[in-house]
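Only one structure is covered here, and it is reproduced in the block below.
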Amino acid sequence: MNRIKISSLLKKLFLLIILEVSFEILYINFLKFFSISNNLLTLILNKSLFFIFVFILNSKLTKIEIPFSLHLNTIKRKNLIGITAVLFLIGLLHPQHLISALVVGTVACITEEYLMRGIVLISLLDIFQRLNNPVSRLLVPSLISLLFGMEHFINLYSQDFVSTLVQVIITTAMGFVFSSLFIRTQNILFPMICHFGIDFLIISFNGIPKTLNVPLINAVAPAIFYSFIGFIILIPSWTKTN
């Protein structure tokens with residue numbers, strides 16, 4: 001019975017990912033066919049439709065309950081207020097990019113975290129717990145991070161292979177931080193906040209890049225940094241279960 005449940009969950013998860021990727025490809029080709037340029041409005045439309053689509057898939061297919069709570073203890077609440085204040089001040093120092101940073105950070109953190117950390121990560125954690133696999137505490141967040149990074153290969157539609165590979169490597173490592181935060185806190189709010197903060201900072205300082213042309217070596221330092229932070233976050237969750 002346990003194997004049947006695992007097999008069923010894997011099939012549903014695989015189908016959800018295939019449908020989600022197909023949606024993204026169809027949307028990109030729709031914009032190309034009608035010569036619609038990418039801008040903040042098309043991004044909001046894309047991510048809104050994406051979220052509705054994935055939400056329906058989850059409610060009908062995978063049926064994962066995603067833990068989300070705004071009930072924080074005093075320390076977490078103070079930290080959240082402090083982070084918000086710092087981001088707000090940085091945004092004010094770069095007013096020309098403030099709206100873009102807010103929009104991109106918000107739509108990306110909600111949609112991508114709902115799918116990857118909310119649905120996919122919880123599903124795989126459930127599968128490995130049923131298998132009683134001791135390596136799952138590292139394997140699952142690593143696997144989810146790899147999936148998260150590889151999703152960015154879809155950007156090959158708009159940029160060269162090397163630049164896309166740089167983005168894939170960096171977002172894979174970033175995904176490890178987000179996955180570690182979720183496993184550590186059991187609350188999707190925290191990877192959402194972290195995801196928003198990183199995107200907000202990048203766009204506040206650099207704006208939305210029209211084209212990317214960066215060497216592969218540029219991915220090394222950020223990937224090492226994010227991976228190290230992810231391990232630091234994840235380690236206490238290992239000792240808790242030992």
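We count residues from 1, following the sequence as given.
Hydrophobic clustering (ILVMFWY, side-chain heavy atoms < 4.5 Å, transitive): L49 and L26 are in distinct clusters. There is no path of hydrophobic side-chain contacts, each under 4.5 Å, that joins L98 to F88. In terms of hydrophobic clustering, with Ile, Leu, Val, Met, Phe, Trp and Tyr side chains grouped at heavy-atom distances under 4.5 Å, V54 and V120 are assigned to a common cluster. Note on L147: it clusters hydrophobically with V140, by side-chain heavy-atom contacts below 4.5 Å among ILVMFWY residues. In this structure, I170 is a member of the same hydrophobic cluster as M150, with clusters built from ILVMFWY side-chain heavy atoms closer than 4.5 Å.
Looking at T106, its side chain never comes within 3.5 Å of a backbone N or O of V103 through a donor-acceptor pair. At least one donor-acceptor pair closer than 3.5 Å links the side chain of S59 to the backbone N or O of I56. Checking side-chain atoms of N155 against main-chain N and O of T164 turns up no donor-acceptor pair under 3.5 Å.
In the displayed structure, L92 atom CG is contacted under 6.0 Å by more than 12 heavy atoms of other residues, nucleotides or ligands. For F55, the CZ atom sits in a loose shell: 12 or fewer heavy atoms of surrounding residues, nucleotides or ligands are nearer than 6.0 Å. For L89, the CG atom counts as densely surrounded, since its 6.0 Å shell holds more than 12 non-hydrogen atoms of other residues, nucleotides or ligands. Enclosure of atom CZ in F153 by more than 12 non-hydrogen atoms of other residues, nucleotides or ligands within 6.0 angstrom is indicated. Annotation for Q96: atom CD counts as buried by contact number, over 12 foreign heavy atoms lying within 6.0 Å.
Within the 4.5 Å cutoff, side-chain heavy atoms of I154 are placed close to those of I25. Side-chain atoms of I183 and P141, non-hydrogen and from C-beta on, do get closer than 4.5 Å to each other. Side-chain contact check for L138 versus F176: some heavy-atom pair is nearer than 4.5 Å. Looking at F205 and I90, their side chains come closer than 4.5 Å, going by heavy atoms from C-beta outward. Inter-residue side-chain proximity for D199 and C109 is flagged as unmet; no heavy-atom pair is nearer than 4.5 Å. Side chains of I208 and L40 form a contact here, defined as non-hydrogen atoms less than 4.5 Å apart. Looking only at side-chain heavy atoms (C-beta outward), S69 and L189 stay at 4.5 Å or farther from each other. Between I122 and F182, some side-chain heavy-atom pair lies under the 4.5 Å cut-off.
Each of T171, V177, T172 was evaluated against Y226; a single residue qualifies, V177, per the side-chain contact (heavy atoms from CB on, under 4.5 Å) test.
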Quiz item: Would I169 and L216 satisfy side-chain contact (heavy atoms from CB on, under 4.5 Å), going step by step from the backbone distance to the final call?
Solution: CA-CA 9 Å; I169 292 170; L216 194 58; 3.9 Å; yes
Practice problem: Please assess Y27 against L45 for the test side-chain contact (heavy atoms from CB on, under 4.5 Å), listing each intermediate value before the final yes or no. | Solution: CA-CA 10 Å; Y27 186 85; L45 177 61; 3.8 Å; yes
Quiz item: Between R184 and F190, is a side-chain contact (heavy atoms from CB on, under 4.5 Å) present by the stated rule, with each step listed?
Solution: CA-CA 10 Å; R184 175 81 176 269; F190 292 99; over 6 Å; no
Self-check item: V220 vs I224, side-chain contact (heavy atoms from CB on, under 4.5 Å): CA-CA, chis, key distance, verdict
Solution: CA-CA 6 Å; V220 175; I224 292 173; 3.7 Å; yes
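Between F30 and F34, the ring center distance clears the sub-6.0 Å criterion.
K11 forms no cation-pi arrangement with F14, by the criterion of a distance under 6.0 Å to the ring centre and an angle within 45° of the ring axis. Figure legend: R117 and F148 shown as a cation-pi pair, the cationic atom lying under 6.0 angstrom from the six-membered ring centre and within 45 degrees of its axis.
When every heavy atom of V214 is checked against every heavy atom of S163, the shortest pair comes out as N-OG, 3.3 Å. Heavy-atom minimum distance, A101 versus F196: O-CE1, 4.4 Å. Residues L16 and N58 share a closest heavy-atom pair of CD1-N, 4.3 Å. For P191 against F178, the heavy-atom pair with the smallest separation is CB-O, 3.5 Å. Taking each heavy atom of S180 and L234 in turn, the nearest pair found is OG-CB, 3.8 Å. In terms of heavy-atom proximity, P236 sits nearest to I232 at CD-O, 3.3 Å.
E113 and H195 form a side-chain donor-acceptor contact under 3.5 Å, judged by distance and modelled atom types alone.
With rounding to the nearest 0.5 Å, the separation of CZ in F51 from CD in E112 is 12.5 Å. Going from atom CG of L143 over to atom OG of S179 covers 9.5 Å, rounded to the nearest 0.5 Å. In this structure, the separation between CD1 on I229 and CG on L181 is 10.0 Å, given to the nearest 0.5 Å. Distance check: L13 CG to I119 CD1 gives 8.5 Å after rounding to the nearest 0.5 Å. Note: E24 CD to K47 NZ = 5.0 Å, rounded to the nearest 0.5 Å. Residue F68 holds its CZ atom at 12.5 Å from OH of Y114, rounded to the nearest 0.5 Å.
For the salt bridge (Lys or Arg N to Asp or Glu O under 4.0 Å) condition, no pair includes a residue of residues 76-88, sequence neighbours left out.
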